[in-house]
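Reviewing the structure listed below.
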Amino acid sequence: QVRLVESGGGLVQTGGSLRLSCAASGTIFTINAMGWYRQAPGKQRELVASITSGGSTNYADSVKGRFTISRDNAKNTVYLQMNSLKPEDTAVYYCNGLIRRATDWTQQTYWGQGTQVTVSS
């Protein structure tokens with residue numbers, strides 16, 4: 001089975017930094033796009049950043065200049081470096097990946113369980 005597991009969340013003061021990691025495991029043939037989403041209480045889930053297999057990136061306007069997404073294809077891992085954190089960044093952050101399985105050639109989107117990021121005022 002394909003699984004995505006996030007790590008690196010926690011509590012940080014305004015202006016601080018955190019680095020999130022998401023590792024994919026299982027019968028994977030290729031990973032196309034990967035991304036980070038977040039969902040705050042009472043709000044809908046939104047795209048934070050994404051990266052293609054070719055390295056093309058996209059960011060939400062609210063995080064441009066502060067967050068950086070990257071990936072290590074050899075490790076099937078995507079990262080989100082978050083700097084200059086604000087209380088508005090508080091949310092559960094979810095990893096997402098478009099993955100083709102090696103077993104049956106099926107390609108679909110997978111989600112991690114999420115990791116909590118809390119930024120104090």
Side-chain angles (χ1 to χ4, degrees):
Q1 297 182 6
V2 175
R3 293 185 61 197
L4 299 179
V5 180
E6 303 98 334
S7 63
L11 175 64
V12 66
Q13 189 177 12
T14 296
S17 299
L18 285 174
R19 190 192 191 202
L20 305 183
S21 298
C22 174
S25 62
T27 53
I28 299 170
F29 183 77
T30 58
I31 301 178
N32 191 358
M34 298 191 76
W36 288 95
Y37 291 73
R38 67 185 181 187
Q39 187 167 21
K43 298 182 179 180
Q44 62 185 35
R45 188 172 299 184
E46 64 176 352
L47 174 67
V48 177
S50 63
I51 185 169
T52 68
S53 60
S56 179
T57 59
N58 186 49
Y59 297 92
D61 289 339
S62 60
V63 306
K64 287 181 178 177
R66 300 189 297 119
F67 292 9
T68 302
I69 187 171
S70 61
R71 63 189 291 172
D72 186 333
N73 292 330
K75 297 181 179 179
N76 288 333
T77 301
V78 64
Y79 306 93
L80 184 67
Q81 178 66 46
M82 305 185 294
N83 299 324
S84 301
L85 284 164
K86 306 174 181 179
E88 304 92 276
D89 296 318
T90 296
V92 177
Y93 284 70
Y94 297 91
C95 178
N96 170 273
L98 180 59
I99 299 172
R100 185 179 297 279
R101 296 184 62 179
T103 53
D104 60 4
W105 221 249
T106 299
Q107 181 172 275
Q108 60 182 291
T109 298
Y110 294 87
W111 291 91
Q113 292 297 311
T115 184
Q116 177 69 48
V117 172
T118 302
V119 184
S120 62
S121 301

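Here, residue 1 is the first one in the sequence, and each next residue gets the next number. Basis for what follows: all heavy atoms, side chains included, without hydrogens, waters or symmetry-related copies.
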Once you round to the nearest 0.5 Å, how far does [atom1] of [X] lie from [atom2] of [Y]?
X      : Y      : atom1 : atom2 : value
Lys86  : Ser121 : NZ    : OG    : 13.0 Å
Trp36  : Tyr59  : CH2   : OH    : 13.0 Å
Asn58  : Leu47  : CG    : CG    : 6.0 Å
Gln107 : Arg101 : CD    : CZ    : 13.0 Å
Leu18  : Leu85  : CG    : CG    : 5.5 Å
Ser84  : Phe67  : OG    : CZ    : 9.0 Å

Are the side chains of [Y] and [X] in contact, using a 4.5 Å heavy-atom criterion?
X     : Y      : result
Ile31 : Asn73  : no
Asp89 : Met82  : no
Thr14 : Pro87  : yes
Thr90 : Gln116 : yes
Tyr79 : Asp72  : yes

Taking [Y]'s backbone N and O only, do any of them form a donor-acceptor pair with [X]'s side chain (distance below 3.5 Å, no angle check)?
X      : Y     : value
Arg71  : Thr52 : yes
Glu6   : Cys95 : yes
Arg19  : Gln81 : no
Thr115 : Tyr93 : no

Find out if a path of hydrophobic residues (ILVMFWY) with successive side-chain heavy-atom gaps under 4.5 Å connects [X] to [Y].
X     : Y     : result
Leu20 : Val78 : yes
Leu98 : Leu4  : no
Val92 : Val48 : no
Ile69 : Ile99 : yes

If you draw a 6.0 Å radius around CD in Gln113, do more than 12 non-hydrogen atoms from other residues or ligands fall strictly inside?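 No.
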Answer yes or no: are there more than 12 heavy-atom neighbours, outside Gln13 itself, under 6.0 Å from its atom CD?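 12 or below, so no.
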side-chain contact (heavy atoms from CB on, under 4.5 Å) assessment of Arg38 paired with Val63: CA-CA 12 Å; Arg38 67 185 181 187; Val63 306; 4.0 Å; yes
Looking only at non-hydrogen atoms, find the nearest pair between Ala40 and Ala91 and report the distance.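 Heavy atoms only, the tightest pair is N-CB, 3.8 Å.
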Under-4.0 Å salt bridge between Lys64 and Asp61: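 Asp61 and Lys64: salt-bridged.
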May I ask you to decide if the ring planes of Tyr94 and Trp111 are parallel, tilted or perpendicular, using 30° and 60° as cut-offs?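 Ring orientation, 0 to 90° scale: perpendicular.
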